[in-house]
Protein chains: 2
Amino acid sequence: MKEKQLDLVFQALASEARRYVMDVVRDSPGCTVADVSLHFEMSRIGVLKHINCLENAGLIVSLKNGRERQLYVNLAPLQVIHERWSDQYRSFWASRLTGLKRAVEQAEEK
Amino acid sequence: MKEKQLDLVFQALASEARRYVMDVVRDSPGCTVADVSLHFEMSRIGVLKHINCLENAGLIVSLKNGRERQLYVNLAPLQVIHERWSDQYRSFWASRLTGLKRAVEQAEEK
DNA sequence: ACTAGAAGTAACCAAATGGTTACTTATACG
DNA sequence: CGTATAAGTAACCATTTGGTTACTTCTAGT
């Protein structure tokens, strides 16, 4: 995955409203923009922008069906990120704070 | 983890520069702000702000050591996010696009 | 005590984000 | 055909973000 794409995914998830959209769409796949906006206080256009942001990041996929747009979550980007990190940080997971712990111990010795 | 905290973590990671800071600090634990800023074109203050942003999100931890500040990565927030999402989406991982696939098939029937 | 170097703060600026209202387009349906 | 409804576009505004330069503070070392 390209860095720009990573930016989009993380940026998309960095909003409680958008994470909530993900929850809603995951729980009622095929729902419409209007359906989703029922769950929010904000204007329909506000919600639309959040949905578009998620779609732009690849986290939501949609199908035009007549005058409606049906929404689905797409977890592929999350899986890619997850794999990338598990790779990059594999040796760190076991002892996440090892470096810090050592430093703290050194600091305490003084 | 609180929603605000999630915002901070995702927001922090939604920047190539900050992800790169994470890489640098992970690869040389205990390095200083000045050390990190050597890896960048931008001004030291620019880098400092990125580091503070990461620290604020809990992804970087630092220890004051004399006039220096030593930096360490902290993967705990990542682990929390990872666990939360694998829980929430557990039943979806296996067939990530199931909902969408069904919809596409239905669409194709028409 | 003095100086130099690491870090932090303040003020500023341009661009991006998150929301609004008003208007337009396209489609379903009586 | 005509109308109501789902979606999308445009323009606008306030706030946040991402960077800068200039200045300040603290500490190490001579």
Side-chain angles (χ1 to χ4, degrees), chain A residues 3-22 24-25 28-57 59-72 103 106-107 110, chain B residues 3-22 24-25 28-57 59-72 103 106-107 110:
Chain A
E3 293 297 325
K4 296 286 181 187
Q5 180 64 17
L6 273 182
D7 283 7
L8 290 179
V9 175
F10 283 123
Q11 180 63 32
L13 293 172
S15 146
E16 180 170 5
R18 285 190 293 266
R19 290 192 300 271
Y20 185 52
V21 170
M22 286 294 285
V24 170
V25 175
S28 45
C31 64
T32 69
V33 174
D35 292 339
V36 175
S37 72
L38 287 182
H39 291 74
F40 287 85
E41 300 289 324
M42 89 180 74
S43 76
R44 181 183 59 89
I45 305 299
V47 177
L48 175 63
K49 285 194 179 183
H50 284 305
I51 292 174
N52 289 343
C53 175
L54 287 164
E55 181 164 38
N56 198 241
L59 288 163
I60 291 269
V61 182
S62 68
L63 288 180
K64 209 50 176 300
N65 190 3
R67 67 180 163 180
E68 294 183 337
R69 197 172 139 207
Q70 299 190 299
L71 306 172
Y72 304 88
Q106 284 177 5
K110 294 180 184 173
Chain B
E3 293 297 324
K4 296 286 180 189
Q5 181 62 19
L6 273 181
D7 283 8
L8 289 179
V9 174
F10 282 123
Q11 180 63 35
L13 293 172
S15 149
E16 181 170 4
R18 285 191 293 266
R19 290 192 299 272
Y20 185 51
V21 169
M22 286 294 286
V24 169
V25 175
S28 46
C31 64
T32 69
V33 174
D35 292 339
V36 175
S37 73
L38 288 180
H39 290 74
F40 287 85
E41 300 290 323
M42 89 181 74
S43 75
R44 181 182 59 87
I45 306 297
V47 177
L48 176 63
K49 286 194 178 186
H50 284 305
I51 292 174
N52 288 344
C53 175
L54 288 164
E55 182 164 36
N56 198 239
L59 289 163
I60 291 269
V61 183
S62 69
L63 288 179
K64 210 49 180 297
N65 190 3
R67 67 180 164 183
E68 294 182 337
R69 197 174 140 204
Q70 299 190 298
L71 306 173
Y72 304 88
Q106 284 177 4
K110 297 180 183 173

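A, B, ... follow the sequence lines: proteins, then strands. Residue 1 opens every chain.
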* Structure fact -> Of the listed dG19(D), dA11(D), dT21(C), the closest approach to the H50(B) side chain comes from dG19(D)

* To do: To the nearest Å, give me how far apart CG (L71(A)) and P (dG8(D)) are.
  => 9 Å

* Asked: Can you tell which of dA6(D), dT20(D), dA7(C) lies closest to the side chain of A34(A)?
  -> dA6(D)

* **Atom-pair distance (CZ on F40(A); P on dT20(C)), nearest Å** => 11 Å

* **Options dT20(D), dG8(C), dT17(D), nucleotide nearest the side-chain atoms of Q11(B)** => dT17(D)

* Heavy-atom closest contact (V33(B) atom, L71(B) atom, distance) -> N-CD1, 4.1 Å

* What is the minimum heavy-atom distance between E55(B) and V61(B), and which atoms define it? -> OE2-C, 4.2 Å

* To do: Indicate, with a heavy-atom threshold strictly under 4.0 Å, whether G46(B) touches base, sugar-phosphate, or nothing.
  => base

* To do: Using a cut-off of strictly less than 4.0 Å, decide whether S43(A) has a side-chain nitrogen or oxygen near OP1 or OP2 of dG19(C).
  => no

* To do: For the side chain of L48(B), starting at C-beta, report the closest nucleotide among dA7(D), dT9(C), dA22(C).
  => dT9(C)

* **Value in whole Å for how far the P atom of dG18(D) lies from OH of Y20(B)** => 19 Å

* With distance as the sole criterion, is a donor-acceptor pair present between the side chains of S62(B) and R69(B) under 3.5 Å? -> yes

* Rounded to the nearest angstrom, tell me the gap between atom CZ in R69(A) and atom C1' in dG8(D). => 9 Å

* To do: Taking only the side-chain heavy atoms of V33(A) (C-beta and beyond), determine which of dG19(D), dA22(C), dA7(D) contains the nearest atom.
  => dA7(D)

* Can you find an N or O donor on one side and an acceptor on the other, under 3.5 Å apart, linking the side chain of R67(A) with the base of dG8(D)? -> no

* Could you tell me the separation between the CD atom of Q70(A) and the P atom of dT27(C), rounded to a whole number of Å? => 15 Å

* **Any N/O donor-acceptor pair, R44(A) side-chain to dA7(D) base, under 3.5 Å** => yes

* Asked: How do S15(A) and I45(A) order along DNA chain C: which one's closest nucleotide is nearer the 5' end?
  -> S15(A)

* Specify the separation, in whole Å, of atom CD of E68(B) and atom C1' of dA28(D). => 10 Å

* Choosing from dA6(D), dA22(C), dA7(C), which nucleotide comes nearest the side chain of T32(A)? -> dA6(D)

* Which atom pair, heavy atoms only, marks the closest approach of L54(B) to A12(B)? -> CD2-CB, 3.9 Å

* Nearest-neighbour nucleotide for the K64(B) side chain, dG19(C), dA7(C), dT21(D) considered -> dA7(C)

* CD of E16(B) versus C1' of dA16(C): gap in Å, rounded? -> 17 Å

* To do: Spell out, as yes or no, whether a donor-acceptor pair under 3.5 Å connects the side chain of R18(A) to the backbone of Q11(A).
  => yes

* Structure fact -> Here the distance between atom P of dT5(D) and atom CG of L38(A), to the nearest Å, is 14 Å

